[in-house]
Structures are given as C-alpha cells and as structure tokens.
Visitor: 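Below is a structure I'd like to ask you about.
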Amino acid sequence: MHPSKSKRGFASMDPEKQRAIARKGGGSVPSEKRSFSQNHQLAAEAGHKGGLSVNPDHRSFSKDHALARDAGRKGGRAAHGQSPK
C-alpha cells in the first residue's frame with residue numbers, strides 16, 4: 001500500500017496532463033533568446049560554475065579520473081554519431 005499522495009502540484013497530476021505540460025518545455029522562448037543554444041562557451045562556463053558549487057568530496061570525476069575520461073569519450077562518441085564502446 002502506498003502512502004497517501006498530496007492532491008496538489010505537478011506530481012499529483014494525471015500522467016497525460018504532465019506529458020502535455022512537459023512537451024511545451026521552453027517553447028515560449030524564441031530560439032534566438034536561448035543563450036546556451038547560441039553560445040556554447042557560455043554554457044560551458046555555467047556548467048563549470050555548477051560543478052564548483054559541489055563539495056569536492058562529492059565530485060566523483062575529481063576523485064576518479066578514469067571515470068571522467070570514460071564519460072568524456074562516451075559523450076564525444078555520442079556527439080559525433082559513433083556507437084559508444
């Protein structure tokens with residue numbers, strides 16, 4: 001038996017209604033105003049800042065360089081249409 005759920009909020013909505021709302025995601029913002037899609041350097045800097053806000057003891061890539069290397073290779077292959085190995 002599941003604990004009772006709140007009758008409010010996104011998570012309590014009918015799944016189809018959630019999907020309908022999620023499909024809209026950012027559609028109200030014109031593509032020329034989506035700064036990360038226009039400026040990849042800005043996106044990279046934002047990602048770097050986000051990473052710095054995480055406690056160094058909880059940064060798995062800074063502790064495990066092989067994990068970071070493998071993730072980077074997998075991402076690079078995916079970005080260039082190659083199958084990940």
Side-chain angles (χ1 to χ4, degrees):
M1 184 168 170
H2 299 296
S4 65
K5 291 185 178 183
S6 170
K7 304 281 187 213
R8 304 173 6 171
F10 187 79
S12 68
M13 287 181 191
D14 173 77
E16 187 52 43
K17 187 170 184 178
Q18 286 180 348
R19 282 190 284 278
I21 292 170
R23 274 187 219 105
K24 295 178 182 179
S28 63
V29 179
S31 62
E32 64 272 6
K33 297 216 176 181
R34 294 182 192 149
S35 57
F36 286 167
S37 68
Q38 302 298 314
N39 185 339
H40 297 289
Q41 181 62 32
L42 181 63
E45 289 171 10
H48 180 72
K49 283 183 182 177
L52 292 177
S53 69
V54 177
N55 182 325
D57 293 335
H58 297 122
R59 292 185 205 151
S60 59
F61 286 166
S62 67
K63 289 180 167 184
D64 188 344
H65 297 289
L67 179 66
R69 181 191 64 229
D70 293 344
R73 283 189 180 143
K74 185 176 179 182
R77 288 187 180 116
H80 297 288
Q82 301 171 357
S83 62
K85 294 181 180 177

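Quick caveat, the model's predicted, so the values are computed rather than measured.
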Visitor: Which value, rounded to the nearest 0.5 Å, describes the distance between R69 atom CZ and D64 atom CG?
Guide: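 It is 9.0 Å, given to the nearest 0.5 Å.
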Visitor: Taking atom CD of E16 and atom CD1 of I21, what is their separation to the nearest 0.5 Å?
Guide: 10.5 Å
Visitor: Apply the test side chain to side chain contact (heavy atoms under 4.5 Å, CB included) to residues R77 and R73: give CA-CA distance (whole Å), side-chain angles for both, the deciding distance (0.1 Å), then the verdict.
Guide: CA-CA 6 Å; R77 288 187 180 116; R73 283 189 180 143; 4.0 Å; yes
